[in-house]
Amino acid sequence: MQAKPAWWKESVVYQVYWRSFRDTNGDGIGDLPGVIEKLDYIKSLGVTMLWINPFNESPDKDNGYDVSDYYTVMKKAGRMEDFDQLVAETHARGMKLMMDVVVNHTSDRHPWFIESSSSINSPKRDWYVWQDGVHGGPPTNWRSYFNPSCWELDENTGQYYMHSFAIEQPDLNWANKEMRMEIYKMLRYWLDKGVDGLRLDALALLAKPQSYTDVEDPRDIRYLTHNPGLHDYLQEMNHEVFRHYDMMTVGEIAFATPELGALFVDEDRSELNTLFHFEVADEMPEWDMVRYKQIQRQWAEALEGRGFGSQFLNNHDHTRQVTRYGNDTEYREESAKLLATMIHTLPGIPYIYQGEEIGMTGVRYETIGEYKDIAMINKYVEEIGKGKDPAAVFQSLQPLSRDNSRTPMQWNAGRYAGFGSAEPWIKLNPNYERINVEQAESDPNSVLAFYRELIALRKNNPVMVYGDFTDISGDDPHLYVYVRELEGTEWIVLLNHGEEAHIFTFSEPICGSETMNLKLVLGNYESTSSTWNDEDRKMELRPYEARIYEVVS
Ligand code: TEU
Ligand code: CA
C-alpha cells in the first residue's frame, strides 16, 4: 500500500552542528550567525530542511544536551535576534527549520533541578527521579550511558537522583504531570516562533522502569528504555502540542526494533511522524552488508502502510560514514557517493550530516587531551580505573569517538579551513587542505556535485519517496540491488560495496519482457553506458560502483 503524500515525507534534511560549522565572531566556536551566513550554500544543495543541534543556554558539559534555560539562546551560539533571523532567512529561501529538543533531562544547573535538590519537601522534588540508597550504596546497579552508575548521591538531602547520561544531566520525572505540561508549553513557545520541526532527543528513555531493582547484566542498558507509559506521554505530547501545528517530528529512539519502532510512527496512533532507530549507527560497528540488508527489509515490512522512517549513517554522535562504512583512502569519493546513493534511494527520509556532502572523514588525534567528547573521556577514565593500559584503552576508543564527526567544517584550504579567524574549539582534521568545499565546487565530479544531483532527483521523482521497495539481491555479501516502483515507474538501484568488481545476475526479467532495457539515471563512475541491454542479464559493477537505472519498455 502506498503511503499518503505529505510534505514532510518529501524532506531531505541537512544537519548543522552549529558549533563546528562557521564561527563569525572569532571566539573559535561556530554560531547561529555562521549558519545564516552559509544558508545560500545549504540551499544550493537542494535540501528542504535544516536540523540545528541544541542551542539553548547550557553549561555545555555535553555540547548543549544539558539545558539550563529552555527559553534562551546560549551566548556561544548568539542572541535570540540571531535565532529569529535564522528562522526568517531559512523560510525566505523556501527551507524549513528543525530544532533539537532535550526533554529527557536538563542540566544540573537548571533552576528546576536546583529547586528540586534544595529539599525533600521542595514543590519540584518530584520533577526529577529521586530514590533512597540501599545498604549505603545507590538504589540499583543500573548504568548510565556515560558512567558506571546512573545514580548520584545528593549530600544535601541524602537521596540519589537518576541520570541516564552524564552526572550533570539529571533525568526529568515524566510521571509528574505538572512537569510535562511545562515541557509542552516550552515546545509551543518555539513552534510559535516559526520552528517547523522537532528532533526529540533520547525519547525512548522518558518512562522509567516500574520497579527499582537490580538487573542481571547492568551493561546491557536496554532496561533504561521502552518502559510502560512511554507511549501515553507521546500521545499526550501530540495532543497538547504537535497536532496544533503543520510540523514534522522525528524521535531519537534507542533500541527500537522494527516492531517497537512501528508503534511510534503508526499514523493511526498519533505519536510521531518519524523516528531514528540505531540498529545501524549504534549497533553495527563495521559495515555488514548481509545484516544491513536484513535491517532494511525488516523495517520496510514493519512500516509498510503504517508509517515512515529515516535513513542516515552518521550524525554528531557517530564516526563519519565514509570512514566507518566506506573506504576513506583509495575509494573515498566512490564510496562516499555509493553510500549517498543508498541513503537517498532506500525508503525513508534522508539525513545529511554537515561535511558528509564533501566526503569529510573521521579524525585521529594524538592524545586524549585533544578529545572533547564527554562519552569518550568518561569511558577512558572508567577503563583506566580498572587498571587497563592507557595507550590500549585510548586506541580502542578512537575509532568510535563522537569527536570524529565534530571537527570543524572544511570550507577551504586556507587558515583554519575557513571556519573562522581564531583557532577552533576542537582541532581541525589536517586533511582540510585537500578535502574542502572550495575544492569540491571547482570539480564537476566531486562528491558535492553528486549530492546535488541526487537531491535534485528526489524533487522530480516521487518514486524515490513513495515507491514500493523490493530487495532482489538476497544475502549477497557485496552487492545490494533493489527495485523501487511507483505507478508504473520502476527504478533499479545497484550498489557494489566492495573493493573488487562483482557481477550481478538478474534472476528474472524485470517488467516481464525477455530483454531488459535500462536507462541510466545516475552513476558514480564517469564512463558508464547510459543504456543497458543484455540477453544474459548480467551486470558487472566496479569497486564501490553505484548505479540507478530506470526500466524502459
Ligand atoms: O544521544 C542519545 C543516544 O541515545 C545514543 O544512542 C547515542 O547514539 C550515543 O550517544 C552514541 O554514542 C543523544 C544526543 O544525540 C547525544 O549527543 C547526547 O549526548 C545524548 O542524547 C544526551 O542528551
Ligand atoms: Ca563564534
Side-chain angles (χ1 to χ4, degrees), residues 15 17-37 51-56 58-67 73-79 82 100-107 143-147 150 163-172 199-206 221-222 224-226 250-256 275-285 312-319 324 351 353 372-379 397 399-406 408-409 416 419-426:
Q15 183 187 351
Y17 197 66
W18 55 266
R19 73 183 63 223
S20 298
F21 198 56
R22 161 89 184 133
D23 169 26
T24 58
N25 64 348
D27 64 355
I29 306 165
D31 41 49
L32 298 185
V35 185
I36 296 170
E37 190 188 299
W51 153 19
I52 308 281
N53 283 92
F55 55 80
N56 292 141
S58 160
D60 248 2
K61 295 285 175 195
D62 186 22
N63 291 4
Y65 285 91
D66 47 328
V67 176
V73 174
M74 100 166 67
K75 281 169 204 68
K76 288 175 190 169
R79 303 157 308 158
D82 298 321
D100 195 330
V101 286
V102 192
V103 298
N104 174 69
H105 44 270
T106 67
S107 159
R143 272 195 69 93
S144 92
Y145 271 84
F146 300 163
N147 301 89
C150 74
H163 58 92
S164 297
F165 294 91
I167 294 170
E168 299 89 346
Q169 289 168 300
D171 281 33
L172 287 162
R199 179 267 188 193
L200 296 126
D201 188 62
L203 275 196
L205 292 102
L206 298 192
I221 55 171
R222 273 177 290 189
L224 295 174
T225 62
H226 300 280
V250 53
E252 192 205 27
I253 316 287
F255 303 117
L275 85 166
F276 297 130
H277 71 75
F278 291 91
E279 294 201 291
V280 180
D282 273 359
E283 295 161 35
M284 200 177 85
F312 72 99
L313 292 170
N314 56 192
N315 60 29
H316 64 291
D317 290 333
H318 299 98
T319 300
R324 189 176 180 196
Y351 283 76
Y353 178 67
K372 311 283 179 198
D373 171 16
I374 187 171
M376 180 193 192
I377 294 166
N378 284 9
K379 191 81 192 155
L397 294 176
L400 295 184
S401 166
R402 303 192 299 178
D403 288 339
N404 278 295
S405 60
R406 297 178 179 184
M409 180 74 182
Y416 304 132
F419 171 69
S421 61
E423 185 163 350
W425 67 278
I426 188 167

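Scope of the values below: all heavy atoms of this structure, side chains included, with no hydrogens, waters or symmetry mates. Read the numbers this way: they start at 1 and go in the same order the structure lists the ligands and their atoms.
- Side chains of I167 and N147 form a contact here, defined as non-hydrogen atoms less than 4.5 Å apart.
- Checking D373, D317, D66, T225 against atom 16 (C) of ligand 1, the nearest heavy atom belongs to D317.
- Near H316, with a cut-off below 4.0 Å to any heavy atom, the atoms of ligand 1 are 14 (C), 15 (O), 16 (C), 17 (O).
- Aromatic ring centres of H105 and F165: separated by under 6.0 Å.
- Ranking protein heavy atoms by distance to atom 10 (O) of ligand 1, first place goes to R402 NH1, 3.5 Å.
- Within ligand 1, counting atoms from 1 as listed, the ones closer than 4.0 Å to a heavy atom of F146 are 19 (O).
- A salt bridge links R402 and D62; the closest N-O separation between the charged side-chain nitrogens and carboxylate oxygens is under 4.0 Å.
- Not a single heavy atom of H163 sits less than 4.0 Å from an atom of ligand 1.
- In this structure, D66 does not pair ionically with K61, as no charged nitrogen and carboxylate oxygen lie closer than 4.0 Å.
- In terms of protein heavy-atom proximity, atom 14 (C) of ligand 1 is closest to D201 OD1, 3.1 Å.
- Scanning F276, Y145, F165, Y17 for the heavy atom closest to atom 20 (C) of ligand 1 points to F165.
- For the pair L203/N104, no side-chain contact is recorded, criterion being any heavy-atom separation below 4.5 Å from C-beta on.
- The aromatic ring centres of Y65 and H316 sit less than 6.0 Å apart.
- The single protein non-hydrogen atom nearest to atom 18 (C) of ligand 1 is D62 OD2, 3.3 Å, given as residue, atom name and distance.
- When ring centroids are compared, F312 and F276 come within the 6.0 Å threshold.
- Salt bridge K372/D403: absent, no basic N to carboxylate O contact under 4.0 Å.
- Around the Ca ion (ligand 2), protein N, O or S atoms at a distance under 3.0 Å total 5; waters are neither shown nor counted.
- Side-chain atoms of T225 never come within 3.5 Å of backbone atoms of F255 as a donor-acceptor pair (strictly under, hydrogens ignored).
- With R22 contributing its side chain and D31 its backbone, the two residues share no donor-acceptor pair below 3.5 Å.
- T319 contributes a side-chain N or O that, together with a main-chain N or O of P399, makes up a donor-acceptor pair within less than 3.5 Å.
- Atom numbering of ligand 1 starts at 1 in the shown order; those under 4.0 Å from a heavy atom of H105 are 22 (C), 23 (O).
- Remark: ligand 1 atoms within the under-4.0 Å shell around heavy atoms of H318 are 8 (O), 11 (C).
- In this structure, the protein non-hydrogen atom closest to atom 1 (O) of ligand 1 is E252 OE2, 3.0 Å.
- Residue contacts with ligand 1, taken as heavy atom pairs separated by less than 4.0 Å, do not involve L400 at all.
- Nearest protein heavy-atom neighbour of atom 6 (O) of ligand 1: D282 OD2, 2.8 Å.
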*side chain to side chain donor-acceptor pair (under 3.5 Å) assessment of Y17 paired with N315*: CA-CA 9 Å; Y17 197 66; N315 60 29; over 6 Å; no
